[in-house]
Amino acid sequence: MCGKAVSMPYKTIPIEQAVGTTLAHDMTEVIPGKSKGPVFRKGHKVKKRDLCRLMKMGKNNLYVLNLKKNQIHEDEAVFELAHALAGPGVTFSSSPKEGKLELRADYPGLFKVNVDALIDFNMVEDVMCASIHNNTPVKKSQSLAATRAIPLVIDRNELDMAVKKAKENYPIFSVKMFNPLKVRLIITGNEVYNGLIQDKFQAIVEKKLNAFGATLEETVILPDDKEMITLQIQSYLNKDTDLIITTGGMSVDPDDVTKAGIEGAGFDEVYYSAAVLPGAMFLLGYNQNTSVMGLPACGLYHKITIFDLILPRLMTGEKPGQRSLAKLCHG
């Protein structure tokens with residue numbers, strides 16, 4: 001993108017003549033491997049004792065601002081950008097730092113990003129915004145994104161264009177609250193049912209549910225029996241159940257009948273397989289107000305699986321479908 005010729009809203013003065021002038025922007029010092037941050041803030045009145053520090057920071061000249069009507073200082077501009085970008089559940093401070101504002105979560109939930117709209121926003125000259133990934137579970141006050149006007153002074157037309165793009169696609173950023181789901185669990189496997197091995201799945205599932213405010217209402221251990229699995233799921237559907245989770249029995253082995261047991265329970269939508277490793281043999285389905293997740297055995301061995309990607313979305317009331325599972329192939 002080619003830059004436009006803009007009349008400079010400032011004049012440059014040598015550092016030796018700066019005593020008594022007011023800084024037009026934060027002065028940042030970088031100490032490699034140790035720190036980076038503003039040493040002098042915008043509005044600081046330069047004193048004689050400051051000159052040595054400024055020169056050590058590589059500042060041989062300073063700017064004196066003389067803004068025209070259509071020119072906006074970075075600190076004022078960034079407030080307009082942040083206001084336009086921030087949707088429900090997203091907040092920001094009143095104190096820009098080095099011309100930037102950080103957007104944070106106002107409460108725990110699932111961070112949502114309109115990715116295409118964010119890209120369009122960044123196509124506007126002289127502004128930028130970068131964020132963490134879409135569909136990331138976040139905690140209260142967690143950093144989500146940061147935005148700024150790139151030059152010290154931005155043209156009003158460029159700023160208005162960026163704000164307009166953000167408002168037309170509102171909200172570019174938002175945080176969806178987690179719902180306190182009631183969950184029921186079915187653990188399948190002859191080896192667990194017959195007591196040959198101890199179940200480890202319940203503790204893993206319950207810990208992850210609790211992290212998002214869901215409650216595990218009931219757990220049943222069943223053998224690899226399609227009819228028993230179907231009947232148990234139907235029993236759960238007749239109760240106050242938001243989410244049914246089954247563990248094990250999802251692979252291609254002849255004894256693995258959990259998938260068939262779920263399908264026999266009469267769900268309106270069932271999607272099998274996801275473009276995720278670990279978790280390719282994953283099942284996701286919906287029946288009116290109840291969802292079902294069939295977890296493959298990888299959940300016993302890996303800290304993060306497909307379960308961790310889909311559970312937060314179900315907790316916000318979303319219903320990812322086949323294309324959503326396919327889109328997980330990237331990243």
Side-chain angles (χ1 to χ4, degrees), residues 1-12 22-28 30 36-38 41-43 62-107 109-136 138 141-176 327 330-331:
M1 183 181 292
C2 297
K4 299 184 292 290
V6 179
S7 59
M8 293 296 101
Y10 49 77
K11 67 177 181 178
T12 304
T22 300
L23 294 182
H25 58 93
D26 292 348
M27 292 291 186
T28 301
V30 179
K36 174 186 178 294
R41 302 304 298 263
K42 174 196 170 188
L62 295 181
Y63 292 141
V64 176
L65 284 183
N66 182 25
L67 296 182
K68 297 184 178 180
K69 186 176 180 180
N70 67 326
Q71 295 171 327
I72 313 297
H73 188 277
E74 60 178 358
D75 283 354
E76 284 69 45
V78 76
F79 276 111
E80 295 190 40
L81 297 176
H83 272 290
L85 290 163
V90 180
T91 188
F92 51 90
S93 74
S94 59
S95 302
K97 183 179 179 182
E98 300 173 280
K100 299 188 293 289
L101 271 178
E102 199 168 14
L103 287 78
R104 295 183 175 274
D106 202 25
Y107 44 73
L110 187 67
F111 181 49
K112 304 296 293 186
V113 183
N114 184 335
V115 178
D116 289 338
L118 180 60
I119 293 170
D120 287 342
F121 175 90
N122 278 286
M123 290 295 292
V124 178
E125 190 171 4
D126 290 342
V127 304
M128 65 77 59
C129 181
S131 78
I132 63 175
H133 282 288
N134 184 31
N135 290 323
T136 299
V138 295
S141 300
Q142 181 173 334
S143 178
L144 307 175
T147 185
R148 72 171 301 161
I150 294 173
L152 175 62
V153 173
I154 184 171
D155 183 81
R156 165 52 71 183
N157 291 332
E158 291 295 326
L159 178 60
D160 287 348
M161 188 184 304
V163 169
K164 182 173 183 288
K165 282 188 177 290
K167 288 184 175 180
E168 286 175 345
N169 293 282
Y170 180 88
I172 288 186
F173 299 134
S174 60
V175 177
K176 297 180 72 172
K327 287 176 70 173
H330 177 248

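These values consider heavy atoms only, across backbone and side chains, with no hydrogens, waters or symmetry-generated copies.
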Trainee: Taking NZ, NE, NH1 and NH2 as the nitrogens, is one of them in K100 or E102 under 4.0 Å from a carboxylate oxygen of the other?
Mentor: no
Trainee: Looking at K164, E158, R156, which hits side chain to side chain contact (heavy atoms under 4.5 Å, CB included) with D160?
Mentor: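 For D160, the side chain to side chain contact (heavy atoms under 4.5 Å, CB included) check succeeds only for R156.
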Trainee: Identify the two heavy atoms, one from V78 and one from D75, that lie closest to each other, and give their separation to 0.1 Å.
Mentor: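 The pair with the smallest heavy-atom distance is CG1-O, 3.3 Å.
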Trainee: Do N135 and L110 have side-chain heavy atoms sitting under 4.5 Å apart?
Mentor: yes
Trainee: Quick one: OG on S174 to CG on D106, what's the gap to the nearest 0.5 Å?
Mentor: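 With rounding to 0.5 Å, OG (S174) is 12.5 Å from CG (D106).
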Trainee: Report yes if the distance between the aromatic ring centroids of H83 and F92 is under 6.0 Å, otherwise no.
Mentor: yes
Trainee: Tell me, with the steps shown, if V175 and V138 meet side-chain contact (heavy atoms from CB on, under 4.5 Å).
Mentor: CA-CA 8 Å; V175 177; V138 295; 4.2 Å; yes
Trainee: Would D155 and N70 count as a side-chain contact (heavy atoms from CB on, under 4.5 Å) here? Give the steps.
Mentor: CA-CA 6 Å; D155 183 81; N70 67 326; 3.0 Å; yes
Trainee: Would you call L81 and C129 a side-chain contact if the rule is heavy atoms closer than 4.5 Å?
Mentor: no
Trainee: At what distance, to the nearest 0.5 angstrom, does NZ of K167 lie from CG of L85?
Mentor: 11.0 Å
Trainee: Name every donor-acceptor pair, under 3.5 Å, that has one atom in a side chain of residues 145-154 and the other anywhere in the protein, sequence neighbours excluded.
Mentor:
residue: T147; atom: OG1; partner: M128; partner atom: O; Å: 2.8
residue: R148; atom: NH1; partner: E98; partner atom: O; Å: 3.2
residue: R148; atom: NH2; partner: E74; partner atom: OE1; Å: 3.0
residue: R148; atom: NH2; partner: E98; partner atom: O; Å: 3.1

Trainee: Is it true that a side-chain atom of Q71 and a backbone atom of K68 form a donor plus acceptor pair closer than 3.5 Å?
Mentor: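 Checked: pair present.
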Trainee: Rounded to the nearest 0.5 Å, what separation is found between the NZ atom of K97 and the OG1 atom of T28?
Mentor: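 The NZ atom of K97 sits 8.5 Å away from the OG1 atom of T28.
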Trainee: Write down the atom of I132, the atom of S143, and the distance for their closest heavy-atom approach.
Mentor: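 Looks like CD1-O, 4.0 Å.
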Trainee: Do D120 and N169 have side-chain atoms, one donor and one acceptor, less than 3.5 Å apart?
Mentor: no
Trainee: Heavy atoms only: give me the nearest L118-S131 pair and the separation to one decimal.
Mentor: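 Here L118 and S131 meet closest at CD2-OG, 3.9 Å.
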Trainee: Can you check whether F111 reaches N134 side chain to side chain, under 4.5 Å on heavy atoms?
Mentor: no
Trainee: Contact between E80 and L159 at the side-chain level, heavy atoms closer than 4.5 Å - yes or no?
Mentor: yes
Trainee: Can you give me the closest heavy-atom contact between F121 and A166, atom names plus distance?
Mentor: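 Taking every non-hydrogen atom into account, CD1-CB, 4.2 Å.
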Trainee: Supply the atom-to-atom distance K165 NZ to M161 CE, rounded to the nearest 0.5 angstrom.
Mentor: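 Going from NZ on K165 over to CE on M161, the span is 7.5 Å.
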Trainee: In Å and rounded to the nearest 0.5 Å, what is the OG to OH distance from S141 to Y107?
Mentor: 13.0 Å
Trainee: Indicate the atoms forming the closest heavy-atom contact of Y170 with A84, along with that distance.
Mentor: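 That would be CD1-O, 4.3 Å.
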Trainee: Heavy atoms only: give me the nearest N114-P171 pair and the separation to one decimal.
Mentor: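 Closest heavy-atom pair between N114 and P171: CB-O, 4.1 Å.
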Trainee: Check whether any side-chain heavy atom of F173 sits under 4.5 Å from a side-chain heavy atom of L144, and report yes or no.
Mentor: no
Trainee: Find the distance between NZ (K112) and CD1 (I172) and round it off to the nearest 0.5 Å.
Mentor: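 Taking NZ in K112 and CD1 in I172, the distance rounds to 15.0 Å.
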